[in-house]
Amino acid sequence: MTVHILKLCVGIDSIEHLIEVRQARSHFLPDGTPYNYHITRARPKRAEEVLDGGSIYWVIKGFIQVRQRIIGLEPVETDTGVKCKFVMDTNLVRTESQPRRPHQGWRYLDPKDAPKDIADGARSDSLPEDMSQKLRDLGLL
């Protein structure tokens with residue numbers, strides 16, 4: 001059974017900003033496959049479920065807006081001990097906007113509670129992105 005991860009995207013202002021940052025931080029697996037990663041303090045106890053098709057759903061400015069498929073979990077040594085590296089596909093998939101309250105760390109997200117993907121080039125509404133963002137910021141969309 002699949003489970004997803006919900007994570008705040010701190011310091012990111014928009015989906016476009018996240019895409020920019022992620023492209024600048026792309027790495028490559030030994031077979032040449034590009035990937036991104038994010039290091040967290042703890043490895044998920046439900047790692048098998050996360051690796052069974054799970055994604056990180058990124059919360060940007062109080063709304064889930066995009067996700068990245070998780071392709072691996074690796075231990076990583078740091079100055080403060082062993083942490084967990086979430087290895088992710090570089091493809092960012094836009095999702096329907098869904099409000100979320102701030103939280104620390106990450107949370108599990110049940111697939112039934114995850115927002116639906118938005119097809120490439122499609123929009124969740126017919127408003128311009130900047131207007132949609134302003135309405136989301138006000139809690140009106």
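The structure displayed is predicted, hence computed values, not measured ones.
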Worksheet item: Is Trp106 reachable from Val93 through a run of I, L, V, M, F, W or Y residues, each pair having side-chain heavy atoms under 4.5 Å apart?
Response: no
Worksheet item: Would you say Ile12 and Val21 make side-chain contact, with heavy atoms under 4.5 Å?
Response: yes
Worksheet entry | Passing option when Gln68 is tested against Asn91, Ile5, Asp89, Leu92 for side chain to side chain contact (heavy atoms under 4.5 Å, CB included) | Leu92
Worksheet item: Under 4.5 Å between any side-chain heavy atoms of Lys85 and His38, yes or no?
Response: no
Practice prompt. Find the distance between CD (Gln65) and CD1 (Ile15) and round it off to the nearest 0.5 Å.
Written response: 4.5 Å
Worksheet item: Are Val59 and Met88 connected in a single hydrophobic cluster, I mean Ile/Leu/Val/Met/Phe/Trp/Tyr linked by side-chain heavy atoms less than 4.5 Å apart?
Response: no
Fill in: Nearest-0.5 Å distance that lies between atom CG in Leu51 and atom CZ in Phe86
9.0 Å
Discussion item. Using the ring centroid of each side chain, check whether His27 and Tyr37 are separated by less than 6.0 Å.
Written reply: yes
Worksheet item: Out of curiosity, Ile70 CD1 to Ser55 OG, how far, rounded to the nearest 0.5 Å?
Response: 6.5 Å
Response to the item:
Smallest heavy-atom separation, Pro111 atom then Val3 atom, equals CD-CA, 4.4 Å
Item to complete: Show the numbers, then the answer: is there a side chain to side chain contact (heavy atoms under 4.5 Å, CB included) between Leu6 and Arg100?
Response: CA-CA 10 Å; Leu6 183 64; Arg100 287 294 166 156; 3.9 Å; yes
Worksheet item: Are Glu16 and Arg22 within salt-bridge range, i.e. N to O under 4.0 Å?
Response: no
Discussion item. Test your reading of the model: is there a side-chain donor-acceptor pair from Thr40 to the backbone of Ala42, 3.5 Å cut-off?
Written reply: yes
Worksheet item: What pairs meet the salt bridge (Lys or Arg N to Asp or Glu O under 4.0 Å) rule with one or both residues in residues 24-49, with sequence neighbours excluded?
Response: Arg46-Glu49
Worksheet item: Do Pro44 and Cys84 touch side chain to side chain, with heavy atoms closer than 4.5 Å?
Response: yes
Discussion item. The criterion is side chain to side chain donor-acceptor pair (under 3.5 Å); which residues satisfy it with Thr78, sequence neighbours excluded?
Written reply: Thr80
Worksheet item: Do Ile56 and Val50 share a hydrophobic cluster, counting only Ile, Leu, Val, Met, Phe, Trp and Tyr and linking them when any side-chain heavy atoms are less than 4.5 Å apart?
Response: yes
Discussion item. Taking the basic N atoms (NZ, or NE/NH1/NH2) and the acidic carboxylate oxygens, is any pair closer than 4.0 Å for Asp13 and Lys61?
Written reply: yes
Fill in: Any donor-acceptor N/O pair, Ser97 side chain to Phe63 backbone, under 3.5 Å
no
Discussion item. Hydrophobic cluster membership, with links at side-chain heavy-atom distances under 4.5 Å among I/L/V/M/F/W/Y: are Ile60 and Leu8 in one?
Written reply: no
Practice prompt. In sequence, state the C-alpha distance, the side-chain angles, and the governing distance for Trp58 and Leu18, and then conclude on side chain to side chain contact (heavy atoms under 4.5 Å, CB included).
Written response: CA-CA 9 Å; Trp58 293 108; Leu18 178 60; 4.0 Å; yes
Worksheet entry | side chain to side chain contact (heavy atoms under 4.5 Å, CB included) assessment of Val76 paired with Glu74 | CA-CA 6 Å; Val76 61; Glu74 300 174 359; over 6 Å; no
Item to complete: Starting at OG1 of Thr90, measure out to OH of Tyr35 and round the result to the nearest 0.5 Å.
Response: 11.5 Å
Worksheet item: Roughly how far, to the nearest 0.5 Å, is the NE2 atom of His4 from the CG atom of Asp110?
Response: 8.0 Å
Worksheet item: Any donor and acceptor pair, going by atom type alone, linking the side chain of Arg67 with main-chain N or O of Ile64 inside 3.5 Å?
Response: no
Worksheet item: Quick one: side-chain contact (heavy atoms from CB on, under 4.5 Å) partners of Gln23, sequence neighbours excluded?
Response: Ile19
Discussion item. When you group the ILVMFWY residues by side-chain heavy-atom contacts below 4.5 Å and let the links chain together, are Ile39 and Val87 in the same group?
Written reply: yes
